[in-house]
Peer 1: 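The structure that follows is given in the form of structure tokens.
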Amino acid sequence: IVKPDTLSIATLFYLLYCENVYFDIVPKVYNPIYIFETSLYLLCSLLEQNNLILLEKAIGFASSVFLPLEGHNISYMVLHCEDHRKFCMLLANVIVYNSSNSVRKSALGVLNSYLNAFEVKAVYLIISNLLGIGITSIFVYSIKLPTGILLLGLAINSSKTLSRITNRP
């Protein structure tokens, strides 16, 4: 028996959620939050690839998973999972460093959908974590969130970070 690898399973989930392949015969009894939490690992495996087509599939898959979560106010307590940190780092790298403008914009939309699914404290923790790993002002200014949340996230970082963000070119 051959055990499929994570990339194969992630591609299967992409086909189910995005391309609706056999979607009508798949049971739809799971909570969207459960689907979200179990799909993060698969999303990370797609985002780790250096292939533009797989990155586009990962972004499409993430959009499909996050769409039913908008406004759910998921607790900050779920952020202890390593997959959340890894997903945010991989998505931030796509947004900042990918050469395709359309992929960067799509990834930014996914990040906004991801952040809109959480309560305010979780959004604050995610943004402060992204700033802590060195995401620059270009990235922070492109997130569409209320200014108060961004300022709260920025306030915990050093004044050096604040001056770097306010003195954008």
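Everything quoted here is computed from the prediction, not taken from an experiment.
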Peer 1: To the nearest 0.5 Å, what is the distance between CZ (F66) and CG (L115)?
Peer 2: 9.5 Å
Peer 1: Is the shortest side-chain heavy-atom distance between F118 and N73 below 4.5 Å?
Peer 2: no
Peer 1: Determine whether Y34 and Y76 fall in the same hydrophobic cluster, where Ile, Leu, Val, Met, Phe, Trp and Tyr are linked whenever their side-chain heavy atoms lie under 4.5 Å apart.
Peer 2: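 In one cluster with Y34: Y76, yes.
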Peer 1: Looking at F36, is its backbone amide N or carbonyl O close enough to the side chain of S39 to form a donor-acceptor pair, meaning the two atoms are under 3.5 Å apart?
Peer 2: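 Side chain of S39 to backbone of F36, a donor-acceptor pair under 3.5 Å: no, none is there.
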Peer 1: Roughly how far apart are C88 SG and N93 CG, rounded to 0.5 Å?
Peer 2: 11.0 Å
Peer 1: Give me the atom names and distance for the closest heavy-atom approach of P68 to P32.
Peer 2: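 Shortest heavy-atom contact: CB-CB, 4.1 Å.
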Peer 1: Does H84 use its side chain to pair, donor to acceptor, with the backbone of C81 at less than 3.5 Å?
Peer 2: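 Such a contact is absent between H84 side chain and C81 backbone.
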Peer 1: Locate the shortest heavy-atom distance separating V78 from E37; write the atom from each residue and the value.
Peer 2: CG1-OE2, 3.4 Å
Peer 1: Quick one about S113 and N116 (side-chain donor to acceptor, distance below 3.5 Å, no hydrogens or angles considered), yes or no?
Peer 2: no
Peer 1: When you measure from the side chain of Q49 to the backbone N and O of L55, does any donor-acceptor pair fall under 3.5 Å?
Peer 2: no
Peer 1: With rounding to the nearest 0.5 Å, note down the distance linking NZ in K105 to CG in L108.
Peer 2: 10.0 Å
Peer 1: How long is the straight-line distance from CG of L111 back to CD1 of I95, given to the nearest 0.5 Å?
Peer 2: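 Reported value, rounded in 0.5 Å steps: 4.5 Å.
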Peer 1: Let me see the working for H72 and E119 under side chain to side chain contact (heavy atoms under 4.5 Å, CB included), right down to the final yes or no.
Peer 2: CA-CA 8 Å; H72 260 74; E119 65 184 9; over 6 Å; no
Peer 1: Pick one: which of L47, I9, V65 meets side chain to side chain contact (heavy atoms under 4.5 Å, CB included) with L42?
Peer 2: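 Only one of L47, I9, V65 forms a side chain to side chain contact (heavy atoms under 4.5 Å, CB included) with L42, namely I9.
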Peer 1: Walk me through whether Y114 and F87 qualify under ring pair (Phe, Tyr, Trp, His ring centres under 6.0 Å).
Peer 2: CA-CA 10 Å; Y114 177 77; F87 174 77; 5.1 Å; yes
Peer 1: Could you state the interatomic distance from OG1 (T6) to CD (E48), rounded to the nearest 0.5 Å?
Peer 2: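 One finds 9.0 Å between OG1 of T6 and CD of E48.
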Peer 1: Treat each ILVMFWY residue as a node, draw an edge where side-chain heavy atoms are under 4.5 Å apart, and state whether I35 and L67 are in one component.
Peer 2: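 No, I35 and L67 fall in different hydrophobic clusters.
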Peer 1: Taking all heavy atoms of A62 and all of L43, pick out the closest pair and write down the distance.
Peer 2: N-CD2, 3.6 Å
Peer 1: Of the non-hydrogen atoms in M77 and H80, which two are nearest, and what is the gap between them?
Peer 2: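 Result for this residue pair: O-ND1, 2.7 Å.
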Peer 1: How close do S45 and L7 get, heavy atom to heavy atom, and via which atoms?
Peer 2: O-CD1, 4.0 Å
Peer 1: Supply the atom-to-atom distance S75 OG to K121 NZ, rounded to the nearest 0.5 angstrom.
Peer 2: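 Between atom OG of S75 and atom NZ of K121 there are 8.5 Å.
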Peer 1: Compare every heavy atom of L90 with every heavy atom of C44, then report the nearest pair and how far apart it is.
Peer 2: O-CD1, 3.6 Å
